[in-house]
Amino acid sequence: FFSNCHKVDQQKGMQHPAGKFYVQAVVMLGSAFFTSLAAIFVGWSVSYGTAGKTTVGLWTYCVDAMDATHTTTCQNHDLTSISVVGSDTKCQTYFRGTQVMAIVTTAALLLNTILAVLTAVKVWYASKGLIICTLIATIISLTASLLTFIFWIVYASSFCTGVLPTNVTSPLNGYAIGFILEVVTTGLILLSWLMLMSGALLGRQKQVFEKTQPQDPVYYGVIM
């Protein structure tokens with residue numbers, strides 16, 4: 001009992017060697033969640049036509065008029081008629097794939113961040129199962145984020161046949177803030193995975209070190 005109390009006192013006064021890595025992972029995953037969420041609602045590519053500059057997002061496209069009015073007109077995507085993918089099956093597939101994977105990335109990052117917070121808070125008592133689940137969730141988030149911007153690259157660089165809005169060129173002319181945010185998201189997830197791995201390895205080394213240390217001697221007194 002007293003040895004357990006002594007161990008708890010040590011834990012209260014000491015910082016776990018893996019703690020700082022887990023905290024950094026939480027910060028990076030939380031930041032990745034917000035960049036991923038923001039990317040869903042902003043433009044991903046730009047197109048320049050006679051009517052002005054068109055910004056294409058995951059759900060809408062907006063035309064900024066290049067005249068004295070400088071008005072901006074936005075429309076929701078309707079992939080079944082006149083749309084930014086035309087009637088091209090390949091473009092439709094990769095565009096819808098980007099939409100789906102962007103949502104999957106954000107949802108996975110939310111769960112991932114929660115698991116990382118639990119790992120950081122319970123750093124002295126975190127089970128192998130919790131740490132492994134956090135690492136697996138990070139890999140899922142990383143894969144989803146990678147697929148998101150890779151799908152968009154394929155779509156944006158493809159020549160989409162069929163009926164397109166008059167001011168949308170194909171391939172598109174460049175990338176916008178949404179695409180950049182998704183790339184940043186991928187980088188943050190990768191860095192967080194490295195932090196989690198470093199913390200897991202340090203935690204493992206600490207456990208091995210403690211197991212190899214001699215136990216404190218036990219002294220028995222004589223009751224008079």
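Applying the side-chain hydrogen bond (donor to acceptor under 3.5 Å, both in side chains) rule to pairs touching residues 174-184 yields Ser145-Glu182, sequence neighbours excluded.
The closest donor-acceptor contact from the side chain of Thr138 to the backbone of Ile189 lies at 3.5 Å or more, if one exists at all. A donor-acceptor contact shorter than 3.5 Å links the side chain of Thr35 to the backbone of Ala32. His77 places no side-chain N or O within donor-acceptor distance of the main-chain N or O of Val56, the cut-off being under 3.5 Å. Within the 3.5 Å criterion, the main-chain N or O of Val63 finds no donor-acceptor partner in the side chain of Thr73. Under a 3.5 Å cut-off, the side chain of Trp44 and the backbone N or O of Ala39 do form a donor-acceptor pair.
If you chain together hydrophobic residues whose side chains sit under 4.5 Å apart, Phe151 and Val183 fall into the same group. By the rule that hydrophobic residues join a cluster once side-chain heavy atoms approach within less than 4.5 Å of another member, Tyr22 and Met197 end up as members of one cluster. The hydrophobic clustering, which links ILVMFWY residues whose side-chain heavy atoms are closer than 4.5 Å, places Leu109 and Val42 apart. A continuous path of Ile, Leu, Val, Met, Phe, Trp and Tyr side chains, each step under 4.5 Å between heavy atoms, connects Leu190 with Leu147, placing both in one hydrophobic cluster. Clustering ILVMFWY residues whenever any of their side-chain heavy atoms sit less than 4.5 angstrom apart, transitively, puts Leu188 in a cluster other than the one holding Val23.
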| task | Could you walk me through whether Phe21 and Leu196 pass side chain to side chain contact (heavy atoms under 4.5 Å, CB included), step by step? | result | CA-CA 6 Å; Phe21 291 101; Leu196 288 169; over 6 Å; no
| request: For the pair Trp59 and Ile40, evaluate side chain to side chain contact (heavy atoms under 4.5 Å, CB included) and give the outcome as yes or no after the intermediate values. | output: CA-CA 8 Å; Trp59 318 106; Ile40 293 177; 3.2 Å; yes
| Between Lys90 and Val154, does a side chain to side chain contact (heavy atoms under 4.5 Å, CB included) hold up when you go through it step by step? | CA-CA 9 Å; Lys90 174 185 174 182; Val154 175; 3.9 Å; yes
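The two atoms that bring Ala144 and Val104 nearest to each other are CB-CG1, 4.1 Å, heavy atoms only. Counting all heavy atoms, side chain and backbone alike, Ser170 lies closest to Phe159 at O-CD1, 3.1 Å. For the pair Ala25 and Met195, the tightest heavy-atom approach, listed with the atom from each and the gap, is CB-CB, 4.0 Å. Scanning both residues, Ser36 and Thr185, for their nearest heavy atoms gives N-OG1, 3.4 Å. Nearest heavy atoms, Tyr155 versus Val84: OH-O, 3.0 Å. In terms of heavy atoms, Ser47 sits closest to Leu172 at CB-CD2, 4.0 Å.
Of the inter-residue distances, the one linking Leu115 atom CG with Leu135 atom CG reads 10.0 Å to the nearest 0.5 angstrom. In this structure, CG in Leu118 is found 11.0 Å from OG1 in Thr113, a value given to the nearest 0.5 Å. With rounding to the nearest 0.5 Å, the separation of CG in Leu29 from CH2 in Trp193 is 13.0 Å. We find the OG-CG distance between Ser83 and Asp88 to be 10.0 Å, quoted to the nearest 0.5 Å. To the nearest 0.5 Å, the span separating OG on Ser45 from CD1 on Ile153 amounts to 9.5 Å. With values rounded to the nearest 0.5 angstrom, Leu37 atom CG is found 11.5 Å from Thr105 atom OG1.
Applying the disulfide (SG to SG under 2.5 Å) rule to Cys133 yields no partners; only residues at least two apart in sequence or on another chain are considered. Contacts of Ala65 classified as side chain to side chain contact (heavy atoms under 4.5 Å, CB included), with partners at least two apart in sequence or in another chain: Asp67, Thr69, Thr71. Residues meeting the side chain to side chain donor-acceptor pair (under 3.5 Å) test with Thr60, sequence neighbours left out: none. Partners of Tyr48 by side chain to side chain contact (heavy atoms under 4.5 Å, CB included), not counting sequence neighbours, listed by chain and number: Val46, Lys53, Asn173.
Residues Thr106 and Phe33 are in side-chain contact: their nearest non-hydrogen atoms beyond the backbone lie under 4.5 Å apart.
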Residues 95-103 side chain polar contacts: donor-acceptor under 3.5 Å, at least two apart:
unit_1 : atom_1 : unit_2 : atom_2 : d
Thr98  : OG1    : Tyr94  : O      : 2.8
Thr98  : OG1    : Trp152 : N      : 3.3
Gln99  : NE2    : Leu58  : O      : 2.6

